[in-house]
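Here is how names work: the chains are called A, B, and so on, in the same order as the sequence lines, proteins then strands, and each is numbered from 1. These numbers come from the heavy atoms of this one structure, side chains and all, not from hydrogens, waters or symmetry mates.
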Number of protein chains: 2
Amino acid sequence: MDIEKATEIGFCFGVKRALKILEDTIRDHGEVETLGPVVHNQQVVDKFSQIGVKVVTAPDQIKGNVAVIPSHGVSPNMLEELASRGLKIMDTTCPNVRKAQTAARELSEAGFWVIIFGDPTHPEVKGILGWAGHRGMATLDSKSITKLDELPSRLGILSQTTRNPAQFVDFVDNIIGSLTSQIDELRIINTLCNITKNRQTAALELAKKVSLMIVVGGRNSANTRCLAQVCSSTGTETHHIETADEIKDAWLKGQGSIGITTGTSIPHSVIDEVMLKLEEMRRRLDAD
Amino acid sequence: MDIEKATEIGFCFGVKRALKILEDTIRDHGEVETLGPVVHNQQVVDKFSQIGVKVVTAPDQIKGNVAVIPSHGVSPNMLEELASRGLKIMDTTCPNVRKAQTAARELSEAGFWVIIFGDPTHPEVKGILGWAGHRGMATLDSKSITKLDELPSRLGILSQTTRNPAQFVDFVDNIIGSLTSQIDELRIINTLCNITKNRQTAALELAKKVSLMIVVGGRNSANTRCLAQVCSSTGTETHHIETADEIKDAWLKGQGSIGITTGTSIPHSVIDEVMLKLEEMRRRLDAD
């Protein structure tokens with residue numbers, strides 16, 4: 001039984017950058033609070049909580065002098081509220097998310113109604129919608145827009161950074177097809193993250209080759225969930241796990257080969273544990 | 001046998017406006033020259049030629065002091081050349097065509113590569129491409145763009161004003177589908193003429209009801225050719241004519257009902273002749 005890692009795994013540059021800012025902030029300010037998890041990985045959050053980083057869900061829960069903005073970003077209203085409380089703001093927003101926020105703001109300021117292709121409950125998407133001044137909507141369903149009371153004639157479309165490119169194209173196609181006669185102008189800005197996209201492509205290639213795919217990453221990590229979706233779309237048995245101890249013996253029995261891929265906020269220590277666990281299970285199965 | 005006219009026929013406002021400017025110019029300046037036919041209808045051009053309007057194909061053929069820009073517009077280079085020759089320019093460019101020219105210029109100036117969905121040999125399309133500074137292409141085939149040596153990452157798409165909306169949507173869909181991963185930003189500006197669009201819709205409804213459609217308009221009139229396409233797409237026998245004397249007895253034999261529609265540059269006198277001819281043929285057939 002072969003075990004093969006995808007070519008692109010572990011932290012992406014945005015996560016590395018966010019954690020570096022957080023580490024520097026801890027060094028300079030001691031105990032700090034993050035507004036939501038700094039990245040969508042429980043193991044990373046747990047590691048930082050051991051050195052005094054607290055996760056809060058609202059500005060009024062911040063007791064210290066420093067507020068850390070997580071890598072998924074927040075709305076401009078949230079930034080203002082934090083500033084009005086006199087807090088020092090350390091911003092770990094991923095540059096790719098920042099690009100989407102800027103696109104949302106510019107479209108909205110230019111008079112466009114902004115559609116964000118994304119999960120409306122995800123922090124990144126909520127933040128981006130905030131930068132559009134809420135003059136728009138976030139949805140994964142292209143039909144949502146046709147249900148509006150009044151159809152906007154100038155539409156801007158962008159995407160949550162971690163979505164699947166092919167699905168974004170379908171979404172845009174459906175909107176163009178159903179609204180063409182009403183639309184005066186349409187601006188589509190590609191805010192998909194290239195790292196996420198390349199990781200999806202690499203995972204897809206690997207999933208086509210192997211008989212079992214294991215996708216490692218946070219349960220609330222959008223890019224990890226997309227990876228799992230992409231892998232299982234090939235028909236290959238796919239499991240999304242957060243830690244090594246979730247892997248079950250039964251998954252491995254009778255498999256010819258196993259592929260591993262990971263979300264962008266998964267530390268190498270977790271990947272190493274997964275590899276060790278798989279090696280150990282393989283030896284045990286071979287010995288049986 | 002019923003004969004029914006579509007709800008929208010005869011000159012559109014852009015053609016009325018162009019002819020008004022031309023008439024005023026003749027009144028003020030006497031003999032004038034137009035750079036190409038003022039509108040795409042030979043009967044109209046013939047009528048004006050009888051009162052001294054000459055059609056020329058290049059600026060160096062203009063002998064008088066006045067140059068009339070036709071309703072399909074020209075490129076900015078052409079305007080400059082005419083101005084440099086010291087000619088007084090009377091511009092009949094249709095406001096809808098002007099909108100497309102402005103869109104092409106703004107997209108190009110903002111760094112976008114401009115794709116015009118249109119017939120590259122049509123004067124309107126050549127003019128619009130000129131306003132894009134030739135930083136783009138005009139085509140009816142979405143595959144043309146994938147054949148370029150280097151794919152532009154920021155694309156602006158607009159349409160010749162007289163194209164069919166459904167075909168424009170297909171064109172945009174195909175481009176999005178084939179280029180998605182390379183495109184950073186896409187701006188689509190709806191430069192389709194509403195009058196043309198409504199006329200196509202009305203013609204389509206009529207074509208579905210009748211057994212024979214007669215489409216009256218210039219052979220080189222893009223909007224008339226689109227009308228004929230739309231009508232014949234319903235499966236109804238369709239004939240594109242310029243004048244009443246082209247109608248053949250054989251077309252009418254055995255028909256239950258006849259529908260008439262016209263391009264936007266067709267004078268009411270021609271429509272009246274067509275109606276008279278059809279009435280006369282109907283009477284003859286009924287008497288047989």
Next on the checklist: As an exercise, state the distance from CZ of B/Phe171 to CD1 of A/Ile176, rounded to the nearest 0.5 Å.
Outcome noted: 12.0 Å

Checklist entry - Is any side-chain heavy atom of A/Leu186 less than 4.5 Å from a side-chain heavy atom of B/Val172? => result no

Item to check | side chain to side chain contact (heavy atoms under 4.5 Å, CB included) partner of A/Glu185, chosen from B/Ile189, B/Thr191, B/Leu158 | outcome: B/Ile189

Checklist entry - Going from CG on B/Asp184 to CG on A/Leu192, what distance comes out if it is rounded to the nearest 0.5 angstrom? => result 10.5 Å

Item to check | Heavy-atom check, side chain of B/Asn190 versus side chain of A/Ile183, under 4.5 Å | outcome: no

